[in-house]
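Side-chain atoms are counted along with the backbone in the values below, which use heavy atoms only and exclude waters and symmetry mates. Starting from 1, each residue takes its place in the sequence as its number. Bear in mind the structure is a predicted one, so any value in this text is a computation, not a measurement.
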Amino acid sequence: MNKNHYSVVGKSIKKLDGISLVTGAAKFTDDFEMRGMLYGKILFSPHAHARIKSINTEKAKSVPGVHAVITYKDISRVPFTTAGQGHPEPSPYDTYTLDSKVRFIGDRVAGVAAETPEIAGKAIELIEVDYELLPAILDPEKAMEPGAPVIHDEKDSSGIFDASKNLVAHVKAWAWG
């Protein structure tokens, strides 16, 4: 079958939303505001590996316009996978929405919901976190050596291939032919 038999493949197609996209007229989710809508901000970890010794959210909660401040203390600890596969999910369940341990720079520490993005940002800045710094391991070869810091030492994770060697997953290569 040659390309002349296709209605779309190999042919120019007029993009219906092209003009609105290039002129900035197109509307995206962030362009809509609903009455009573709240804005969220996340406090991210500045550390590669640490435990949260204490976290104080009182100042953040007292900011006018803040409706909620959450930490690992406020929500259920439910492991999930970040692999994004379909069900049944074969990947490790080794991530938590918020946790008392951070495993990388940028890991989530707390969340704020407020009436404006500016209020949420101000509240995030007022959250006080005392971290117990843990040894970070940045070399994948050294991460597997005996005695290396264990990143996933939690007991409620599942499907981790070998936590003692920091091997979260393992893929077996197949030989073809």
Side-chain angles (χ1 to χ4, degrees), residues 28-30 32-63 65-140 142-144 147-172:
F28 295 90
T29 305
D30 202 39
F32 294 94
E33 187 172 330
M34 298 175 1
R35 187 179 334 174
M37 182 169 85
L38 298 177
Y39 295 84
K41 293 277 184 177
I42 303 292
L43 174 64
F44 298 105
S45 170
H47 304 294
H49 194 204
R51 286 201 192 283
I52 297 173
K53 291 173 28 177
S54 66
I55 186 164
N56 185 335
T57 60
E58 294 309 310
K59 290 178 185 172
K61 288 177 181 176
S62 70
V63 173
V66 169
H67 287 251
V69 179
I70 60 168
T71 71
Y72 71 93
K73 297 176 182 182
D74 304 305
I75 61 174
S76 298
R77 185 175 165 82
V78 178
F80 65 93
T81 183
T82 58
Q85 302 293 326
H87 184 78
E89 174 55 63
S91 302
Y93 283 69
D94 63 341
T95 306
Y96 304 86
T97 303
L98 296 169
D99 199 0
S100 61
K101 182 177 179 181
V102 294
R103 293 169 186 83
F104 57 90
I105 293 173
D107 205 350
R108 297 171 309 273
V109 174
V112 170
E115 293 172 7
T116 68
E118 295 77 19
I119 293 171
K122 180 179 179 182
I124 283 290
E125 293 174 2
L126 296 173
I127 297 173
E128 299 167 350
V129 185
D130 184 18
Y131 294 96
E132 172 193 352
L133 298 182
L134 301 172
I137 187 78
L138 306 175
D139 181 314
K142 291 180 180 177
M144 294 184 285
V150 176
I151 303 303
H152 287 286
D153 56 354
E154 59 276 355
K155 302 289 186 226
D156 52 350
S157 290
S158 64
I160 294 178
F161 182 72
D162 186 347
S164 70
K165 293 182 180 175
N166 292 306
L167 293 172
V168 176
H170 174 74
V171 177
K172 188 173 186 175

Taking all non-hydrogen atoms of both residues into account, name the closest pair between [X] and [Y] and its distance.
| X | Y | value |
| --- | --- | --- |
| Ala148 | Asn166 | CB-ND2, 4.3 Å |
| Tyr96 | Arg108 | O-NH2, 2.9 Å |
| Ala110 | Ile124 | O-CD1, 4.4 Å |
| Ala120 | Ala114 | N-CB, 3.6 Å |
| Val66 | Ala123 | CG2-CB, 3.7 Å |
| Asp153 | Lys101 | OD1-NZ, 3.0 Å |

Which residue pairs pass the side-chain hydrogen bond (donor to acceptor under 3.5 Å, both in side chains) test with at least one member in residues 66-80, sequence neighbours excluded?
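Pairs touching residues 66-80 that pass the test: His67-Glu115, Thr71-Asp74, Arg77-Asp99, Arg77-Asp156.
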Can you name the residues that form a side chain to side chain donor-acceptor pair (under 3.5 Å) with [X], not counting sequence neighbours?
| X | result |
| --- | --- |
| Glu132 | none |
| Asp107 | none |
| Thr97 | none |
| Thr95 | none |

Under the 3.5 angstrom rule, does the side chain of Thr116 hit a backbone N or O of Ile119 as a donor-acceptor pair?
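Indeed, once roles are kept as given, a pair shorter than 3.5 Å links the two residues.
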Just by modelled atom types, is the Gly159 backbone N or O under 3.5 Å from a matching donor or acceptor in the Asp94 side chain?
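No.
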Do any side-chain atoms of residues 38-47 form donor-acceptor pairs under 3.5 angstrom with protein atoms, and if so which ones, sequence neighbours left out?
{"unit_1": "Ser45", "atom_1": "OG", "unit_2": "His47", "atom_2": "N", "d": "2.9"}
{"unit_1": "Ser45", "atom_1": "OG", "unit_2": "His47", "atom_2": "O", "d": "2.9"}

Please check if the number of heavy atoms outside Lys61 that lie under 6.0 Å from its NZ is greater than 12.
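More than 12 heavy atoms, drawn from other residues, nucleotides or ligands, come within 6.0 Å of this atom.
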Around atom NZ of Lys122, are there more than 12 heavy atoms of other residues, nucleotides or ligands at under 6.0 Å?
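Incorrect, the count does not exceed 12.
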Positive for side-chain contact (heavy atoms from CB on, under 4.5 Å) with Val109, one of Ile55, Ile127, Leu98:
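Among Ile55, Ile127, Leu98, the one meeting side-chain contact (heavy atoms from CB on, under 4.5 Å) with Val109 is Ile55.
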From [atom1] ([X]) to [atom2] ([Y]), nearest 0.5 Å:
| X | Y | atom1 | atom2 | result |
| --- | --- | --- | --- | --- |
| His152 | Arg103 | NE2 | CZ | 5.5 Å |
| Lys53 | Arg51 | NZ | CZ | 12.5 Å |
| Ile151 | His49 | CD1 | NE2 | 4.0 Å |
| Ser54 | Tyr131 | OG | OH | 10.5 Å |

